[in-house]
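We number each residue from 1, following the sequence as shown. The structure presented is a predicted model; accordingly, all values stated were derived computationally and were not measured. Values below: every heavy atom of this structure, side chains too, minus hydrogens, waters and symmetry copies.
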Amino acid sequence: MSDDRARVIDLARLRKTCAQCSLQQLCLPAGVAADDLEKLDRLVRKRRPLARGEALFRTGAPLQALYVAREGAFKTTALAEDGSAQVIGFHLPGELMGLDALGGGHHRCEAEALEPAQVCEVPFAELGRIAAQIPSLQQQLLRVIGQSVGRDQDHLEMMGRRHANERVALFLHSLAERLQALGRDPHAFTLPMNREDIASYLGMVIETVSRTFSRLQEEGIIQVRGRQLKILDRARLDTLVHDPEEHRARG
């Protein structure tokens, strides 16, 4: 009986419309009319739930849709020159996925669920038609694409930092800002990714990531227990990110 009840709950979640979605303010322009919401509801497909470790799309697959996670986080990975998989991005609920295929028409990376996830699928062929009917949606798409470009820029900045504590600090600072934009607590949260994924994303080895978390904890900047993380001193974290020389001078 409990299994049947769980299936009913899942179906109810899958049938949730854009008008009812808690992420509406992230995906849609402000003040979108009811008629326009109905158009979007007819366009957006509610995919089946994805299990942890399941791929949303794979490298080389043709561009068929853009995706927004309603629940759960994702990582995107690409093959490095040595054939190993490197994490190139993390995606939280409300953030658009699949933009890597806009240029060539095929996905250049693979998206994998870091935890059980619910995803909205927007068929790309129909998106332009709907956006033409809803001008404010075109502006929203450009804004969301700009946010994606900004996250890529943050990643490049992280990789450009020489010191491990600066890379990790910038990663946590960026993650906290993204969580705040989602309306979540930016000072206490659960990391959806493991240390290995963080190490791959930051171009470090896992031991260095673990030591750096321990060092930041010893300095009283964060508190970490497994994947549970608290930012105890946001001002010092900001200094480490924006003025690392001052932070080193204080140390």
Side-chain angles (χ1 to χ4, degrees), residues 13 16 18 20-30 50 52 56 66-77 87-99 111-120 140 143-159 161 165-202 204 209-210 212-213 216-217 219-242:
R13 287 180 178 178
K16 185 186 293 181
C18 293
Q20 298 171 317
C21 184
S22 62
L23 298 177
Q24 180 193 130
Q25 72 276 12
L26 298 173
C27 305
L28 302 179
L50 281 85
R52 179 179 179 274
L56 177 62
L66 298 180
Y67 307 91
V68 177
R70 294 164 62 203
E71 297 177 17
F74 286 78
K75 67 177 179 181
T76 46
T77 59
V87 177
I88 60 172
F90 295 110
H91 305 269
L92 304 176
E95 295 178 349
L96 203 61
M97 295 179 286
L99 295 171
E112 178 184 314
L114 291 167
E115 53 195 344
Q118 300 273 359
V119 176
C120 288
Q140 181 76 347
R143 186 180 72 85
V144 172
I145 290 171
Q147 290 174 339
S148 178
V149 172
R151 289 193 294 273
D152 290 342
Q153 199 67 34
D154 288 343
H155 187 208
L156 289 174
E157 185 178 351
M158 292 174 203
M159 298 292 282
R161 297 291 180 100
N165 61 337
E166 293 174 19
R167 289 193 190 188
V168 172
L170 186 54
F171 168 72
L172 295 177
H173 184 273
S174 174
L175 187 60
E177 287 189 333
R178 289 161 65 183
L179 288 168
Q180 187 169 11
L182 289 167
R184 301 186 181 183
D185 188 347
H187 299 104
F189 47 86
T190 300
L191 294 168
M193 67 290 291
N194 58 31
R195 297 287 193 276
E196 185 177 0
D197 287 336
I198 295 173
S200 177
Y201 182 65
L202 296 178
M204 300 161 59
V209 170
S210 296
T212 304
F213 270 92
L216 293 174
Q217 182 165 256
E219 293 181 4
I221 297 176
I222 65 171
Q223 180 185 82
V224 59
R225 293 179 180 174
R227 296 195 186 187
Q228 302 298 314
L229 189 138
K230 290 183 179 180
I231 298 176
L232 303 177
D233 194 332
R234 182 61 183 263
R236 289 182 67 192
L237 182 66
D238 290 347
T239 299
L240 182 53
V241 168
H242 299 299

Visitor: Is there a side-chain contact between V168 and L216 (heavy atoms, below 4.5 Å)?
Guide: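 The answer is yes, as the side chains (C-beta and beyond) meet within the 4.5 Å cut-off.
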Visitor: Check whether R70 reaches the backbone of V119 with its side chain - one donor and one acceptor, N or O, closer than 3.5 Å.
Guide: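 Judged by distance alone, no pair lies under 3.5 Å.
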Visitor: Pairs under 3.5 angstrom only: tabulate donor-acceptor contacts from the side chains of residues 189-198 to other protein residues two or more places apart or in another chain.
Guide:
| unit_1 | atom_1 | unit_2 | atom_2 | d |
| --- | --- | --- | --- | --- |
| T190 | OG1 | Q228 | OE1 | 3.1 |
| T190 | OG1 | Q228 | NE2 | 2.9 |
| N194 | OD1 | E196 | N | 3.2 |
| N194 | OD1 | D197 | N | 2.7 |
| R195 | NH1 | G226 | O | 3.3 |
| R195 | NH2 | G226 | O | 3.1 |
| D197 | OD1 | K75 | NZ | 3.0 |

Visitor: D238: which residues meet the side-chain hydrogen bond (donor to acceptor under 3.5 Å, both in side chains) condition with it, sequence neighbours left out?
Guide: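 Checked D238 against side-chain hydrogen bond (donor to acceptor under 3.5 Å, both in side chains); matches are H173, R234.
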Visitor: Quick one, L56 and Y67 - any side-chain contact, counting heavy atoms below 4.5 Å?
Guide: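 A side-chain contact under 4.5 Å exists here.
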Visitor: How far does CG of L237 sit from CD of E219, to the nearest 0.5 angstrom?
Guide: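 L237 CG to E219 CD: 11.0 Å, rounded to 0.5 Å.
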Visitor: Do you know the tightest heavy-atom contact between A69 and L92?
Guide: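 Heavy atoms only, the tightest pair is CB-O, 4.4 Å.
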Visitor: How close do L229 and L172 get, counting heavy atoms only, and between which atoms?
Guide: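 Smallest heavy-atom distance, with atoms named: CD1-CD2, 3.9 Å.
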Visitor: Would you give the length of the straight line joining atom CZ of F213 to atom CD of Q223, rounded to the nearest 0.5 angstrom?
Guide: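 Answer rounded to 0.5 Å: 13.0 Å.
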Visitor: Measure the CG-NE2 distance between L179 and H187 for me, rounded to the nearest 0.5 Å.
Guide: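 These two atoms lie 11.0 Å from each other.
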Visitor: Step by step, work out the side chain to side chain contact (heavy atoms under 4.5 Å, CB included) result for I222 and K230.
Guide: CA-CA 6 Å; I222 65 171; K230 290 183 179 180; over 6 Å; no
Visitor: Evaluate the criterion salt bridge (Lys or Arg N to Asp or Glu O under 4.0 Å) for residue pair R52 and E112; output intermediate values, then yes/no.
Guide: CA-CA 8 Å; R52 179 179 179 274; E112 178 184 314; over 6 Å; no
Visitor: Roughly how far apart are F90 CZ and R178 CZ, rounded to 0.5 Å?
Guide: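 Reported to 0.5 Å precision, the distance equals 9.0 Å.
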Visitor: Inspect the surroundings of CZ in R227 and state if more than 12 heavy atoms from other residues, nucleotides or ligands are less than 6.0 Å away.
Guide: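 Counting other residues, nucleotides and ligands, CZ of R227 exceeds 12 neighbours.
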Visitor: For G220 versus D233, what's the shortest heavy-atom pair and its separation?
Guide: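 Here G220 and D233 meet closest at O-CB, 3.8 Å.
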Visitor: Judged by atom type as modelled, is there a donor-acceptor pair below 3.5 Å linking the side chain of S200 to the main-chain atoms of V87?
Guide: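 Flag set: sc S200 to bb V87 pair under 3.5 Å.
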Visitor: Please tell me if the side chains of S210 and M204 come closer than 4.5 Å, counting only heavy atoms from C-beta onward.
Guide: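 A side-chain contact under 4.5 Å is absent here.
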Visitor: Identify the two heavy atoms, one from V68 and one from M97, that lie closest to each other, and give their separation to 0.1 Å.
Guide: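 Closest pair (atom of V68, atom of M97, distance): C-CE, 4.5 Å.
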Visitor: Roughly how far apart are I221 CD1 and L232 CG, rounded to 0.5 Å?
Guide: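 Those atoms lie 9.5 Å apart.
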Visitor: Could you state the interatomic distance from CG (L66) to SG (C120), rounded to the nearest 0.5 Å?
Guide: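 So the CG of L66 and the SG of C120 are separated by 12.0 Å.
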